[in-house]
Amino acid sequence: MTLKAPTHHISAQPGEIAKTVLMPGDPLRAKFIAENFLEDAVQVNSIRCMYAYTGTYKGKKVSVMASGIGAPTMGVHAWELYNLYDVENIIRVGTTGAIHDELKIGDLVFALGACYNTPYADQYKLSGTFSAVASYPLLRDAVDKADQMKAKYMVGNVYSTDIFYPEYDREENERWSKMGVLSVEMETAALYIVAARAGKKALSILTVSDHVMTGEKVSADIREKNFTDMMKIALEIAE
Ligand code: HPA
């Protein structure tokens with residue numbers, strides 16, 4: 001079977017998606033980004049409401065597409081973008097629940113690595129555990145930008161879980177926290193794993209939306225301001 005674009009899940013024609021794709025989890029956030037940050041944005045996918053748009057930012061062609069929630073849907077879309085649309089860079093722009101004491105609501109997290117409970121990497125039949133890590137050039141550029149913007153951020157491990165509502169083990173985040181893991185979310189490991197196999201680049205930039213240990217949640221105005229910082233960093237480092 002020869003796979004080529006348009007695909008099962010993306011109706012864009014070859015060439016309609018830029019080399020760099022920003023990926024929020026939420027389709028409506030993809031629409032918001034296209035409408036508020038890109039010029040001349042054109043919608044290039046709506047299959048399953050996984051909206052994708054291509055436009056320009058400061059003259060650079062950039063796409064934005066939703067990933068949906070969790071490893072399988074991030075995996076499907078990232079795989080098709082890298083392998084069937086010649087995408088080189090995917091930058092996840094998402095939210096995350098803090099588990100590290102020093103993180104505050106609205107802070108940014110750059111995911112240097114992602115611990116995970118997803119079986120996503122099992123398909124490669126490796127004789128050990130794959131370490132899901134960010135692409136260093138994207139990470140370095142993003143951290144440089146964050147410093148220039150005086151954004152408040154931490155760089156480190158996140159935990160990508162397949163289970164948002166664990167039935168029994170409510171203390172698991174505490175144990176991850178003891179290992180220095182900064183925050184929890186659901187997509188970064190799958191993105192980094194798919195990028196590694198495709199030989200492409202990936203980075204997750206996350207905004208802390210809630211504190212898992214304290215139950216604190218983001219207010220609408222902080223969400224907006226810090227979301228803007230995250231978006232600007234992602235767009236500035238887009239190649
Ligand atoms: N768990 C998983 N994913 C998340 C969370 C969380 O608490 N907050 C934001 N994304």
Any donor-acceptor N/O pair, [X] side chain to [Y] backbone, under 3.5 Å:
{"X": "H211", "Y": "H100", "answer": "yes"}
{"X": "Y124", "Y": "F130", "answer": "no"}
{"X": "Y192", "Y": "A111", "answer": "yes"}
{"X": "K200", "Y": "V194", "answer": "no"}
{"X": "S135", "Y": "P137", "answer": "no"}

Membership question, hydrophobic clusters at under 4.5 Å side-chain separation (ILVMFWY): are [Y] and [X] in the same one?
{"X": "L138", "Y": "M230", "value": "yes"}
{"X": "I91", "Y": "V143", "value": "yes"}
{"X": "V184", "Y": "V158", "value": "no"}
{"X": "L191", "Y": "M50", "value": "yes"}
{"X": "I17", "Y": "L84", "value": "yes"}

For [X] and [Y], work out which heavy atoms get closest and say how close.
{"X": "P14", "Y": "A5", "answer": "CG-O, 3.8 Å"}
{"X": "C115", "Y": "A189", "answer": "O-CB, 4.4 Å"}
{"X": "A132", "Y": "I193", "answer": "CB-CG1, 4.2 Å"}
{"X": "P119", "Y": "D162", "answer": "CD-OD2, 3.8 Å"}
{"X": "A238", "Y": "V62", "answer": "CB-CG2, 4.1 Å"}
{"X": "S177", "Y": "I99", "answer": "OG-O, 3.1 Å"}

Looking at side-chain heavy atoms only, is the closest gap between [X] and [Y] below 4.5 Å?
{"X": "M149", "Y": "D229", "answer": "yes"}
{"X": "V208", "Y": "V109", "answer": "yes"}
{"X": "K217", "Y": "I105", "answer": "no"}
{"X": "L235", "Y": "L22", "answer": "yes"}
{"X": "W79", "Y": "T7", "answer": "no"}
{"X": "T54", "Y": "V42", "answer": "no"}
{"X": "L206", "Y": "R92", "answer": "yes"}
{"X": "V76", "Y": "E80", "answer": "yes"}

side-chain hydrogen bond (donor to acceptor under 3.5 Å, both in side chains) for E172 and Y159? Distances and angles first, verdict last.
CA-CA 11 Å; E172 74 161 336; Y159 172 43; 3.0 Å; yes

Between [atom1] on residue [X] and [atom2] on residue [Y], distance to nearest 0.5 Å:
{"X": "L108", "Y": "T207", "atom1": "CG", "atom2": "OG1", "result": "5.0 Å"}
{"X": "L81", "Y": "N89", "atom1": "CG", "atom2": "CG", "result": "11.5 Å"}
{"X": "I233", "Y": "L203", "atom1": "CD1", "atom2": "CG", "result": "9.5 Å"}
{"X": "E174", "Y": "K178", "atom1": "CD", "atom2": "NZ", "result": "6.5 Å"}
{"X": "I33", "Y": "M23", "atom1": "CD1", "atom2": "CE", "result": "11.0 Å"}
{"X": "I10", "Y": "S46", "atom1": "CD1", "atom2": "OG", "result": "12.0 Å"}

Let's go through M154 and L103 carefully: what are the C-alpha distance in whole Å and the side-chain angles of both, what is the deciding distance for side-chain contact (heavy atoms from CB on, under 4.5 Å) to 0.1 Å, and is it a yes or a no?
CA-CA 8 Å; M154 290 182 84; L103 277 173; 3.6 Å; yes

Run the salt-bridge test on K31 and E35 with the 4.0 Å N-O cut-off and return the result as yes or no.
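Yes, this pair counts.
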
So does D107 pair up with K152, basic N to acidic O under 4.0 Å?
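So D107 pairs with K152 through a salt bridge.
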
Name of the residue among K61, K201, K19 meeting salt bridge (Lys or Arg N to Asp or Glu O under 4.0 Å) with E239:
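Testing E239 for a salt bridge (Lys or Arg N to Asp or Glu O under 4.0 Å) against K61, K201, K19 leaves exactly one candidate, K201.
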
side-chain contact (heavy atoms from CB on, under 4.5 Å) between T129 and Y116, worked out:
CA-CA 10 Å; T129 304; Y116 51 90; 4.0 Å; yes

Could you go step by step and tell me if E216 and D210 meet the side-chain contact (heavy atoms from CB on, under 4.5 Å) rule?
CA-CA 6 Å; E216 201 187 345; D210 53 285; over 6 Å; no

Could you list the cluster mates of Y165? Members are the ILVMFWY residues connected by side-chain heavy atoms closer than 4.5 Å, either directly or through other members.
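Once heavy-atom contacts under 4.5 Å are chained together, Y165 belongs with I69, F164, M186.
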
Quick one about [Y] and [X] (side-chain donor to acceptor, distance below 3.5 Å, no hydrogens or angles considered), yes or no?
{"X": "Y57", "Y": "E236", "value": "yes"}
{"X": "E16", "Y": "Y85", "value": "no"}
{"X": "S160", "Y": "E185", "value": "yes"}
{"X": "E187", "Y": "S67", "value": "no"}

If you count every heavy atom of other residues, nucleotides or ligands that lies below 6.0 Å from K232 atom NZ, does the total exceed 12?
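Counting other residues, nucleotides and ligands, NZ of K232 stays at 12 neighbours or fewer.
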
Is it the case that atom CZ in R48 sees more than 12 heavy atoms from other parts of the structure closer than 6.0 Å?
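No, not enclosed.
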
Centroid-centroid distance, Y153 to F110, less than 6.0 Å
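Yes, the ring centres sit under 6.0 Å apart.
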
Lys/Arg cation over aromatic Y82: R197, 6.0 Å, 45° cone:
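The answer is no, since R197 fails at least one limit relative to Y82.
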
Show, in sequence, the C-alpha distance, side-chain angles and deciding distance for L28 and Y51, and conclude whether the side-chain contact (heavy atoms from CB on, under 4.5 Å) test is met.
CA-CA 8 Å; L28 291 181; Y51 300 135; 4.3 Å; yes

